[in-house]
Amino acid sequence: MSERIEMSYSHLDVLQEISNIGLGNAATALAELLKKKVNIAVPHATFLEMEQVFPLVGGLEEVVACVNLSFDGDVAGTVMYIFAEKSVYKLVDMLLGQEIGATGELNALGESVIMEIGNILTGSFMNALGSMTGLTMQTSVPLFAFDMMGAILSASLVASGHWDEQVLLIETIFLQNNDQIKGHFFLLPETGALNRLFEALGIPA
């Protein structure tokens, strides 16, 4: 049976702070990897009901790129970092220093770039979460998928077993010159995981 937590400003503030720290670290790691500055903004962190997730990426039949990993230990769950198809092509162009619009399909190099970006972003967020809570979490090897949203989400939910009703959403925006590329970072906690996270942060659930 899932559990539901009434979120306060305190809950969301601390999650926003964790997101900013984690993705700030990710931007630094990406800059070192790509040998150029990468700007990543975190405009919004919030909790959604599961059914509210789908419209954000265009619906269940929308083709998306997803880097997915699971974690367990003191708390358990699944993390997914998702880009809509057109956003993926623009992100590949941006990160490879190509003119925006040059990429029209995802080849092996593009997949490798998105996989590495997703790996760094999800790893940085989980490290920040572990540092701030003091909880131990072991993460799996990230997996990459380029498929319809419904297929990816179904596979992730089946693999994660039981989860809370609420999904943590962190909007992220990659910035370069006048171009902005939005990604959606989702954390699907297993049942009871949110309570343990907030208890560790000293915020009553």
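What's counted below: heavy atoms across the whole structure, side chains too, no hydrogens, waters or symmetry copies.
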Any side-chain donor near an acceptor of the partner, S140 and S70, under 3.5 Å
yes

Backbone N or O of Q16 within a donor-acceptor pair of the N20 side chain at under 3.5 Å?
yes

Trace of the side chain to side chain contact (heavy atoms under 4.5 Å, CB included) decision for L187 with V167
CA-CA 6 Å; L187 187 149; V167 177; over 6 Å; no

What's the separation between atom CD in E105 and atom CZ in F146, rounded to the nearest 0.5 Å?
9.5 Å

What is the distance from atom CD of E17 to atom CG of L12, rounded to the nearest 0.5 Å?
13.5 Å

Could you tell me if the side chain of I82 sits less than 4.5 Å from the side chain of F186, heavy atoms only?
yes

Nearest 0.5 Å, what's the NE2-CE distance between H184 and M80?
11.5 Å

Connected via hydrophobic side-chain network under 4.5 Å: I173 and L168:
no

Give a yes or no answer on whether the side chain of T133 reaches the backbone of L129 with a donor-acceptor pair at less than 3.5 Å.
yes

Is there any ring pair (Phe, Tyr, Trp, His ring centres under 6.0 Å) pair reaching into residues 119-143, and which pairs are they, with sequence neighbours excluded?
F125-F185

For the residue pair Q180 and F174, establish whether any side-chain heavy-atom pair is separated by less than 4.5 Å.
no

Under 3.5 Å: donor-acceptor pair, side chain of Q52, backbone of E49
yes

Heavy atoms only: give me the nearest N25-S124 pair and the separation to one decimal.
C-OG, 4.1 Å

Can you tell me if E85 uses its side chain to pair, donor with acceptor, with the backbone of V63 under 3.5 Å?
no

Can you name the closest pair of heavy atoms from K182 and F83 and give their distance?
O-CD2, 3.6 Å

Worked verdict on F71 versus M126 for side chain to side chain contact (heavy atoms under 4.5 Å, CB included)
CA-CA 9 Å; F71 59 95; M126 295 306 297; 3.6 Å; yes

Heavy-atom closest pair (A193 atom, A76 atom, distance to 0.1 Å) is CB-O, 3.6 Å

Heavy-atom check, side chain of E190 versus side chain of V75, under 4.5 Å
no

Evaluate the side-chain proximity of I40 to L121: yes if any heavy-atom separation is below 4.5 Å, no if none is.
yes

Once side chain to side chain donor-acceptor pair (under 3.5 Å) is applied, do any residues pair with T172, and if so which ones, sequence neighbours excluded?
Y81

Got M149 and E61 here, is their nearest side-chain heavy-atom distance under 4.5 Å?
no

Heavy-atom closest contact (V67 atom, I114 atom, distance):
CG2-O, 3.7 Å

Under 4.5 Å between any side-chain heavy atoms of I117 and L95, yes or no?
yes

Taken in chain and number order and not counting sequence neighbours, the residues that satisfy side chain to side chain donor-acceptor pair (under 3.5 Å) with T136 are none

Could you check whether any side-chain heavy atom of E62 comes within less than 4.5 Å of a side-chain heavy atom of M148, counting everything from C-beta outward?
no

Tightest non-hydrogen contact, residues R196 and T191, listed as NH2-O, 4.0 Å

As an exercise, state the distance from CD1 of I170 to CG of L15, rounded to the nearest 0.5 Å.
7.0 Å

Decide yes or no for L169 and F47: does some side-chain heavy atom of the first lie under 4.5 Å from some side-chain heavy atom of the second?
no

ILVMFWY cluster, V113 and L175 together (side-chain gap under 4.5 Å)
no

Using atom types as modelled and distance alone, determine if a side-chain donor or acceptor of D93 lies under 3.5 Å from a backbone N or O of Q98.
no

Should L60 and L188 be counted in the same cluster of Ile, Leu, Val, Met, Phe, Trp and Tyr side chains packed under 4.5 Å apart?
yes

Where do K90 and I100 come nearest, in terms of heavy atoms and distance?
O-CD1, 3.7 Å

Any chain of hydrophobic side-chain contacts (each under 4.5 Å) joining L69 to L143?
no

Atom CD in E199, atom CG in L194: separation rounded to 0.5 Å?
11.0 Å

Just by modelled atom types, is the I152 backbone N or O under 3.5 Å from a matching donor or acceptor in the D147 side chain?
no

Between CE of M94 and OG of S87, what distance do you get to the nearest 0.5 Å?
10.0 Å

